[in-house]
Amino acid sequence: MTTSESKGFYKLSWAQRIGYGSGDLAQNLIFQTVACYLMLYLTTVLKISPAFVSGLILSVRLIDCFWSPIVGRYIDNRNPKLGKYRSYLLYGGIPLTVAACLLMLPQAAEWSTSMKIVYATVSYTVLSMIYSVVNIPYGSIMASMTRDNDEVLKLTSTRMVCANIGQIVVQAGFPIGLAMVVHEAINWNQAIFMAIGTIPAFIILPSLPMLKSWLGKKGLYYMLLAIGFVGFCILYTIGKFFDVESCNTLVQTAKVMTGVGLLVGSLMWALVPEVITEAEYRTGNRPAATVNALAGVAFKAGFSIAGWITPLVMGMIGFDLASEESALPIAPNAWFTVTAVFAIVGFFLLFFCFTGCKERIATTPEKPVTYGEMFAEFKANKCLQLVLSIFIVVFLASFISAPVNAYYIKLAEYSETAQNAILWFTCIIPAMLLIVVGFLIYKYPLTDEKLDEINKAIEERHK
């Protein structure tokens with residue numbers, strides 16, 4: 001071990017980076033299924049009112065606003081034998097897999113409307129609560145492996161590549177899987193459009209250290225956001241004035257550009273360890289799980305606002321997802337089969353993550369962290385407030401279009417009212433939100449030079 005490593009600036013092997021990243025791949029197999037397809041399942045397969053689905057998604061996320069800090073506080077105040085954070089990949093992984101398999105039971109399609117509503121409420125709430133038990137400590141592991149900013153960036157880029165593998169597998173694989181189970185022809189244009197926005201991650205994320213040194217941290221974010229904004233503008237122009245199907249190559253290219261802009265959401269996770277370090281510098285405690293819990297609340301807030309607004313406003317505009325022709329097969333057994341496969345594969349990946357991670361910087365407070373201290377930290381930490389705001393806006397931009405993307409390729413098949421609704425949610429609103437993200441990033445104060453000073457001061461304090 002080198003002198004710098006003994007002070008917490010550990011170098012990580014590729015096995016450790018990939019082992020950690022497999023946890024994000026595992027969780028995205030479940031999370032992306034919920035984010036992109038649960039709303040469609042509830043409205044088009046179970047035929048539940050979009051207004052109720054909208055309220056359900058919002059209610060579950062409001063519960064999570066209280067639940068996630070409880071989980072974060074519990075984890076920060078304990079130190080299990082299998083690892084302060086790693087333990088929960090196993091403790092929560094098994095029930096998470098079971099809950100995901102129970103989310104889309106084929107028998108539910110035969111039940112009464114009231115039974116469907118009870119089933120949807122219970123199954124989704126339980127899954128969401130268990131997901132937090134895995135996701136919050138998983139995010140905390142990154143801050144416990146090293147203080148080295150370059151290593152954190154490499155770890156983040158590896159993690160996000162794995163996360164985007166999960167995203168592309170679900171977004172493209174779910175409609176392909178449904179078609180295969182029901183023995184229908186696969187709509188390749190639709191499957192590609194759903195997933196192609198993930199492609200930039202596999203090019204840009206491995207190049208992050210080089211791009212960051214060339215453009216700077218904020219310059220990199222601004223460039224990605226600008227490309228995404230132009231991509232959304234192109235998609236709107238094609239959908240409004242041209243035939244989408246006849247412009248397929250340009251449509252897919254523009255979708256790739258939007259993926260470049262939304263990639264900023266993945267890069268935001270690199271700011272979480274920075275916020276944790278800044279908090280340690282001020283308070284002496286390293287509240288990794290607490291900060292990750294708050295980041296998780298913000299992340300899920302963006303997702304939940306999107307899930308609440310999309311079915312509700314589209315119904316108000318005149319595009320009712322429950323009554324319109326679905327863009328995907330609606331056979332209940334197909335939805336269950338594809339979801340269960342993703343969930344089971346995800347569990348084995350979580351186990352691989354457990355074996356591949358090594359915690360080196362994990363502290364337990366001498367006295368338990370109270371809820372008052374948690375929210376005092378939120379109030380005092382301006383960097384945390386900005387990061388949480390960015391999380392909400394960028395993931396709102398990401399997920400507000402996710403369930404509607406399946407309809408964009410078939411835009412010509414719907415009424416003018418429905419087309420306008422689809423364009424608003426796939427193009428206009430996300431483009432406007434990217435502008436807000438750019439402004440928030442402009443206000444973020446932690447430079448790499450400042451972080452290096454903070455880390456060195458902390459290590460001097462520990463001598």
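The chain is numbered in sequence order, starting from 1. Only this structure's heavy atoms are used, side chains among them; waters, hydrogens and symmetry mates stay out. Computed from a prediction, not measured in an experiment: that's the story for all the values here.
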K.L.:
Can you name the residues that form a ring pair (Phe, Tyr, Trp, His ring centres under 6.0 Å) with F342, not counting sequence neighbours?
P.N.:
none
K.L.:
Tell me, do T97 and L350 make a side-chain contact under 4.5 Å, heavy atoms counted?
P.N.:
no
K.L.:
According to salt bridge (Lys or Arg N to Asp or Glu O under 4.0 Å), does anything in residues 250-277 pair up with another residue at least two apart or in another chain? List the pairs.
P.N.:
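Counting only pairs at least two positions apart or across chains, the salt bridge (Lys or Arg N to Asp or Glu O under 4.0 Å) contacts touching residues 250-277 are K217-E274.
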K.L.:
Using ring pair (Phe, Tyr, Trp, His ring centres under 6.0 Å) as the criterion, list what pairs up with Y408, not counting sequence neighbours.
P.N.:
F193
K.L.:
Please, which pairs that meet salt bridge (Lys or Arg N to Asp or Glu O under 4.0 Å) have at least one residue in residues 256-265, sequence neighbours excluded?
P.N.:
none
K.L.:
Which residues pass the salt bridge (Lys or Arg N to Asp or Glu O under 4.0 Å) test with R159, sequence neighbours left out?
P.N.:
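So R159 forms a salt bridge (Lys or Arg N to Asp or Glu O under 4.0 Å) with D24.
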K.L.:
Can you list the residues that meet the ring pair (Phe, Tyr, Trp, His ring centres under 6.0 Å) rule with F174, with sequence neighbours excluded?
P.N.:
Y37, W335
K.L.:
Who pairs with S128 by side chain to side chain donor-acceptor pair (under 3.5 Å), at least two apart in sequence or on another chain?
P.N.:
R61
K.L.:
Can you list everything that forms a side chain to side chain donor-acceptor pair (under 3.5 Å) with D64? Sequence neighbours excluded, please.
P.N.:
S68, S132, K300
K.L.:
Who are the side chain to side chain donor-acceptor pair (under 3.5 Å) partners of Q32, not counting sequence neighbours?
P.N.:
N28, Q171
K.L.:
Is there a side-chain contact between P445 and C383, using heavy atoms and a 4.5 Å cut-off?
P.N.:
yes
K.L.:
Can you name the residues that form a side chain to side chain donor-acceptor pair (under 3.5 Å) with E184, not counting sequence neighbours?
P.N.:
none
K.L.:
Would you say the side chain of V34 lies within less than 4.5 Å of the side chain of L103, judging by non-hydrogen atoms?
P.N.:
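Of all side-chain heavy-atom pairs linking V34 with L103, at least one is under 4.5 Å.
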K.L.:
Would you say that V394 contacts L433 through its side chain, given a criterion of any heavy-atom pair below 4.5 Å between the two side chains?
P.N.:
no
K.L.:
Apply ring pair (Phe, Tyr, Trp, His ring centres under 6.0 Å) to F354 and list each qualifying residue two or more places apart in sequence or on a separate chain.
P.N.:
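Counting only residues at least two positions away or on another chain, F354 forms no ring pair (Phe, Tyr, Trp, His ring centres under 6.0 Å).
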K.L.:
Mind jotting down which residue pairs meet the salt bridge (Lys or Arg N to Asp or Glu O under 4.0 Å) criterion with at least one end in residues 13-22? Sequence neighbours excluded, please.
P.N.:
R17-E151
